[in-house]
Number of protein chains: 2
Amino acid sequence: MGRLERHATITDVAALAGVSVGTASKALNGRGSLREETRRRVRDAARQLNFEANAGARNLHSGRTYTVGMITTDTIGRFSIPVLMGAEDALGAGEMSIFLCDGRGDPIREQYYVKTLLSRRVDGIIVTGRRTEARAPIGVGLPVPVVYAFISSADPDDCSVVPDEAGGARKAIDHLLAIGRGRIAHITGPDHHNSARVRAAATTERLAEEGLSLVAPPLFGGWSEAWGGQAAGILLGSGTEFDAVFCGSDQIARGVSDALRAAGRRIPEDVALVGFDNWDVMIEGAKPPLTSVDMNLQGLGRSAAERLLAAINGSPSPGRHALPCHLVVRESTTVPLRSPPASPPGPAGQ
Amino acid sequence: MGRLERHATITDVAALAGVSVGTASKALNGRGSLREETRRRVRDAARQLNFEANAGARNLHSGRTYTVGMITTDTIGRFSIPVLMGAEDALGAGEMSIFLCDGRGDPIREQYYVKTLLSRRVDGIIVTGRRTEARAPIGVGLPVPVVYAFISSADPDDCSVVPDEAGGARKAIDHLLAIGRGRIAHITGPDHHNSARVRAAATTERLAEEGLSLVAPPLFGGWSEAWGGQAAGILLGSGTEFDAVFCGSDQIARGVSDALRAAGRRIPEDVALVGFDNWDVMIEGAKPPLTSVDMNLQGLGRSAAERLLAAINGSPSPGRHALPCHLVVRESTTVPLRSPPASPPGPAGQ
DNA sequence: TTGAAAGCGCTAACAG
DNA sequence: CTGTTAGCGCTTTCAA
């Protein structure tokens, strides 16, 4: 294998260029005042030796490492990825590097990660997870700032960036009301799950504001397609009339969609359907494609990283920060009029 | 915020314990010979100051950083996650930390990441992606070992750990033949996609060994449910008789499943169905649950990390290493006899 | 058993 | 303009 023996050091570069290490350092970092010719010689030597300054040695002076740790409390998955990507963007894609640590729901493991991250002198830590539940802080009096993304810290003084799930649910209901649906059912996840409760409460509340209520109490169950199908069956069997179902997740919505169709109900003509998560795989698999609430996870990650950077630079933003969700309307709530207008290119509005 | 001002240094510890830094170092690392009383004093001081040795400073001597970089060539997603987790396990969960870099399919970005990883003096690099295609090496003559996982390097001398997709396809066919299905169709992804081609070729080959052939040429299309449904329609419309469909992905299989059921075919009685990927979401959503080929991505990640560690320690394993896939049998190919026998707990066999 | 000193790779004062 | 020196936090000889 054409593998080099070792990394070149600045001493090697200086020697090759025939200058002192101090001069080499200045030349490479564009500091001090040097003859252009000298600078060039040093740079050539560096290139020739494939020199990359040792970040660790450099950090020793600056006190900063330009790295951050990201700990996922449970397993890394569908929710953590977009958060991670958003964070990566905000951290300048390589300007600062990210240590990824998968806590796997094990507090011991998590504490171990916190320790190693601290020993690596990360400039800060982002904590994320797949539930929006508040969780115990990963530590108190840590020597570096911590920001919680998606998940939030139980300590209200910690900085947490979370999706406004209640707002998202309200937008879903707004939309259903706007298209003339007033007999709405709600099928969602387990009632011991924070997201399920919050979304259900907001749904009920929003309807109450209009003097309306759900056609039946929220159906709490699981997050799966199977539960969606089962719940749809319960609804149909009860004889309750309904012209819309707002689901706590896209998976549930898909199960509902399949079950309703099998029972002869047309979507959206007979029943309009709204999901939550805006998860492409489920959205596209459903017939017709699902209208869904998007939590803007990537934006969440970006915001969390920005706040972390600010905190590192001495401007922390303690407290719980909620970011708006937005509704993505598709055919499960609207019959398209001929060809839909082409939307202009560019980043999706928030 | 109860944030500490700065990290304690070994000098602080030594001062508090009333010893020299050298002694403190020995005490904390269990080296040299010291009075037990001294060791205790130092350790107490360290605990009191919340001391965590600065890994960067330590690395300066050892020459190793106990970190590795992981670069995903395209976007990090469904395939990279298990690979990452496997790697994390093999790297001792914190013993060595992982820098995660999301290449997003941009070669410039990728090269940038390689540079920063090298400047951070990672001990090695793992490259992964979401396609099994061979790709250009991320660099030549790099000063650290590189292992490709899932994806493989175009340079046969590089170390790549890949799934034996052909073997997986053969196992699927073996199984279908074993349950008495001889009229098999194959629906898969785009023919410009390596995985689709390899799996189709192995399928045809395995059948040929038995003097059989597919009931129709492989149907190449996309990886989506939509394509699965469409292809099933083509198959049904052509009047070709078939008693099994082997699909290039679980998403396709799910589309096929829905379409066949809608057309009145029973699964598995009339048509047995096998997918590829063993992706829980798709598997569980399908009715009945899908038999599928599992590529053991986590094992792939583990193996890649182990080979990387070996290479770091001077024992590289150049070349392309294929890991076996295994078939997970579910109800889309078998009618369960009463209650299925409870399988003993423990790690799933490979 | 402990301390002093050198050095890992680099930056930053300060002289020359 | 360039070289010398000190020091970042730690480990590791080598003396004491």
Side-chain angles (χ1 to χ4, degrees), chain A residues 4-43 45-46 49-67 116 118-123 143-144, chain B residues 4-43 45-46 49-67 116 118-123 143-144:
Chain A
L4 268 57
E5 280 314 301
R6 59 180 202 83
H7 294 270
T9 73
I10 201 172
T11 310
D12 301 328
V13 175
L16 181 60
V19 297
S20 72
V21 292
T23 303
S25 173
K26 282 171 215 151
L28 293 170
N29 297 303
R31 260 185 271 280
S33 52
L34 298 182
R35 234 185 327 164
E36 189 47 44
E37 137 77 2
T38 310
R39 259 184 225 294
R40 203 188 41 65
R41 244 184 26 248
V42 173
R43 271 202 274 263
L49 294 173
N50 247 303
F51 173 78
E52 279 293 339
N54 183 326
R58 192 176 252 168
N59 301 155
L60 227 41
H61 298 267
S62 67
R64 285 190 54 179
T65 56
Y66 297 93
T67 61
T116 66
L118 291 180
S119 82
R120 294 195 188 284
R121 296 294 188 269
V122 292
D123 295 333
V144 298
Chain B
L4 269 57
E5 280 314 301
R6 57 181 202 82
H7 294 270
T9 74
I10 200 172
T11 309
D12 300 330
V13 175
L16 182 60
V19 297
S20 72
V21 292
T23 303
S25 172
K26 283 170 213 152
L28 293 170
N29 297 302
R31 260 185 271 280
S33 52
L34 299 180
R35 233 184 331 162
E36 188 47 44
E37 137 77 2
T38 311
R39 262 186 223 294
R40 202 189 41 66
R41 242 181 29 247
V42 173
R43 271 201 275 265
L49 295 172
N50 247 303
F51 172 76
E52 279 292 339
N54 182 326
R58 190 176 252 169
N59 300 156
L60 228 40
H61 297 268
S62 67
R64 286 190 54 178
T65 56
Y66 297 92
T67 61
T116 66
L118 291 180
S119 82
R120 293 196 189 282
R121 296 295 188 268
V122 292
D123 296 334
V144 298

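Every chain is numbered from 1, with letters handed out A, B, ... down the list of sequences.
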Just list the side-chain donor-acceptor pairs under 3.5 Å for residues 26-38 of chain A, sequence neighbours left out, or say none.
| unit_1 | atom_1 | unit_2 | atom_2 | d |
| --- | --- | --- | --- | --- |
| A/N29 | OD1 | A/R58 | NH2 | 3.0 |
| A/N29 | ND2 | A/S25 | O | 2.9 |
| A/N29 | ND2 | A/S25 | OG | 3.4 |
| A/E37 | OE1 | A/R40 | NH2 | 2.9 |
| A/E37 | OE2 | A/R41 | NH1 | 3.1 |

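Among the protein residues, B/S62 comes within range of no part of the nucleic acid, since none of its heavy atoms lies under 4.0 Å from any strand.
Panel note: side chain B/D123, backbone B/Y66; a donor-acceptor pair is recorded below 3.5 Å. Side chain of B/T65 to backbone of B/R121: a donor-acceptor contact under 3.5 angstrom is found.
Read 5' to 3', the first and last nucleotides of DNA chain C with an atom closer than 4.0 Å to a heavy atom of chain A are C/dG9 to C/dA13.
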- Note on the structure: The contact string for nucleotides 8-16 of chain D, one letter per nucleotide 5' to 3', using protein heavy atoms under 4.0 Å with B, S and - for base, sugar-phosphate only and none, comes out as BBBBBB---
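Here the CZ-OG1 distance, from B/F51 to B/T11, works out to 8.5 Å after rounding to the nearest 0.5 Å.
Within the structure, salt bridge (Lys or Arg N to Asp or Glu O under 4.0 Å) contacts touching residues 11-23 of chain B (residues at least two apart or in different chains) are B/R6-B/D12.
By the side-chain hydrogen bond (donor to acceptor under 3.5 Å, both in side chains) test, B/S20 pairs with B/T23, sequence neighbours left out.
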- Check step by step if side-chain contact (heavy atoms from CB on, under 4.5 Å) holds for A/L60 and B/N54. CA-CA 9 Å; A/L60 227 41; B/N54 182 326; 4.3 Å; yes
- Item | B/T67 vs A/R120, side-chain contact (heavy atoms from CB on, under 4.5 Å): CA-CA, chis, key distance, verdict | CA-CA 10 Å; B/T67 61; A/R120 294 195 188 284; 3.4 Å; yes
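With a cut-off of 3.5 Å on both pairing distances, the Watson-Crick and G-U wobble pairs of DNA chain C assemble into stems of 3 or more at C:1-16 with D:1-16.
For the pair B/V144 and A/H7, the minimum side-chain heavy-atom distance is below 4.5 Å.
Between B/V13 and B/A45, the shortest heavy-atom contact is O-CB, 3.8 Å.
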